[in-house]
Amino acid sequence: PVGALLGLRRWPIVVQLVGTVFLLNLSQLGLQSVWVLYTEYRYGWHPKQVAFSLAIVGLLAAVVQGGLVRRIIPALGERKSLLLGLCSSFCAQICYGLSTQGWMIYTVLSLGMLQYIGYPALQGIISRHVPPNEQGGVQGTLSSVQNLAGILAPPLATGLFGFFIGKEAPIHLPGAPFFAGALMVGTALILALRAMKRNQVA
């Protein structure tokens with residue numbers, strides 16, 4: 001992706017938001033990578049319970065992305081929608097790591113469903129700042145960044161989980177991957193705010 005990024009220097013906001021794209025994907029893919037291990041270890045969930053929780057995730061994502069996105073983003077604007085999505089994701093990651101009972105997960109899923117408006121809003125901001133003849137290159141770069149996050153996320157999340165439930169951990173903290181994910185989303189939020197401030201995104 002380095003070569004592609006160099007080609008995007010004409011569009012500063014795109015380069016500045018690539019960090020947000022990367023960290024957001026790294027956080028989300030890390031959550032997916034450790035979900036089965038975490039819920040089995042902490043709550044004693046069986047495969048059917050895990051599958052049910054993932055079905056709820058898919059349902060909520062479909063409701064938001066299939067319907068609410070078309071209402072929320074035009075009403076709030078892309079900037080506010082992105083910030084709302086990132087803040088929702090940040091809070092959800094923290095709550096996943098703090099949840100001590102399995103039923104709490106479903107509450108967090110419901111409260112954190114607005115995180116699914118963040119990425120469409122982010123893509124909209126990027127698309128609006130790139131001319132039509134550059135859209136293909138930009139999307140290719142973003143795909144490369146997402147693929148890189150997909151490579152790094154599983155070993156990072158599972159490694160943190162394994163370490164903080166092991167005997168050598170300074171504290172027993174099974175929610176460590178989620179707290180790390182919240183840190184990534186928080187950093188992504190800061191990068192997005194700086195990029196939009198510099199480029200005066202409406």
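The shown structure was predicted, so the numbers you read here are calculated from the model rather than taken from an experiment.
Here the CG atom belonging to Leu156 is positioned 13.5 Å from the CD1 atom belonging to Ile151, to the nearest 0.5 angstrom. For the atom pair Leu191 CG and Met196 CE, the distance stands at 10.5 Å (nearest 0.5 Å). Met184 contributes atom CE, which lies 11.5 Å from atom CG of Asn25 (distance to the nearest 0.5 angstrom). Interatomic distance, CG of Leu86 versus CD1 of Ile117, reported as 9.5 Å (0.5 Å rounding). If you take OG1 on Thr187 and CG on Leu24, they are separated by 11.5 Å, rounding to the nearest 0.5 Å. Residue Leu193 holds its CG atom at 5.0 Å from CG of Leu83, rounded to the nearest 0.5 Å.
Note: Tyr38 and Phe161 have perpendicular aromatic rings, judged against thresholds of 30 and 60 degrees for the angle between ring planes.
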Residues Val21, Tyr119; criterion side-chain contact (heavy atoms from CB on, under 4.5 Å); working and verdict: CA-CA 8 Å; Val21 173; Tyr119 201 75; 3.6 Å; yes

Could you please spell out the steps behind the side-chain contact (heavy atoms from CB on, under 4.5 Å) verdict for Val34 and Tyr96? CA-CA 12 Å; Val34 80; Tyr96 288 138; over 6 Å; no

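Side-chain atoms of Ser99 come within 3.5 Å of backbone N or O of Cys95 as a donor-acceptor pair. In terms of modelled atom types and a separation under 3.5 Å, the side chain of Arg42 and the main chain of Gly97 share a donor-acceptor contact.
With sequence neighbours excluded, the residues satisfying side-chain contact (heavy atoms from CB on, under 4.5 Å) with Leu76 are Ile72, Lys80, Ser81, Leu84.
In the hydrophobic clustering of this structure, Met113 does not group with Ile94; members are Ile, Leu, Val, Met, Phe, Trp, Tyr whose side-chain heavy atoms approach within less than 4.5 Å, directly or through other members. Each of Leu37 and Phe164 belongs to its own hydrophobic cluster when Ile, Leu, Val, Met, Phe, Trp and Tyr are linked at side-chain heavy-atom distances under 4.5 angstrom. Both Val18 and Leu23 belong to a common hydrophobic cluster when Ile, Leu, Val, Met, Phe, Trp and Tyr are linked at side-chain heavy-atom distances under 4.5 angstrom. Residues Val36 and Ile165 share a single hydrophobic cluster, defined by chaining ILVMFWY side chains whose heavy atoms lie under 4.5 Å apart. By the criterion of side-chain heavy atoms lying less than 4.5 angstrom apart, applied directly or through intervening Ile, Leu, Val, Met, Phe, Trp or Tyr residues, Leu114 is grouped together with Ile105 in one hydrophobic cluster.
The shortest heavy-atom contact between Leu82 and Ala192 is CD2-CB, 4.1 Å. Arg70 approaches Pro74 most closely through the heavy-atom pair O-CG, 3.1 Å. The two residues Gly30 and Ala157 have their closest heavy-atom pair at O-CB, 3.4 Å. Between Ser27 and Val185 the shortest heavy-atom distance is OG-CG2, 3.3 Å. Taking each heavy atom of Ala169 and Phe163 in turn, the nearest pair found is CB-O, 3.1 Å. Among all heavy-atom pairs drawn from Leu17 and Ala195, the shortest one is CD2-CB, 3.9 Å.
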Could you list the donor-acceptor pairs under 3.5 angstrom formed by side chains in residues 50-65, with sequence neighbours left out?
from: Ser53; atom 1: OG; to: Trp35; atom 2: NE1; distance (Å): 3.0
from: Ser53; atom 1: OG; to: Val50; atom 2: O; distance (Å): 2.6

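Side-chain N/O atoms of Thr39 and Gln49 include no donor and acceptor closer than 3.5 Å.
Phe90 has its side chain out of reach of Leu189: every pair of non-hydrogen atoms, C-beta onward, lies at least 4.5 Å apart.
Taking a 4.5 Å side-chain heavy-atom cut-off between Ile, Leu, Val, Met, Phe, Trp and Tyr, the cluster of Met104 extends to Trp103.
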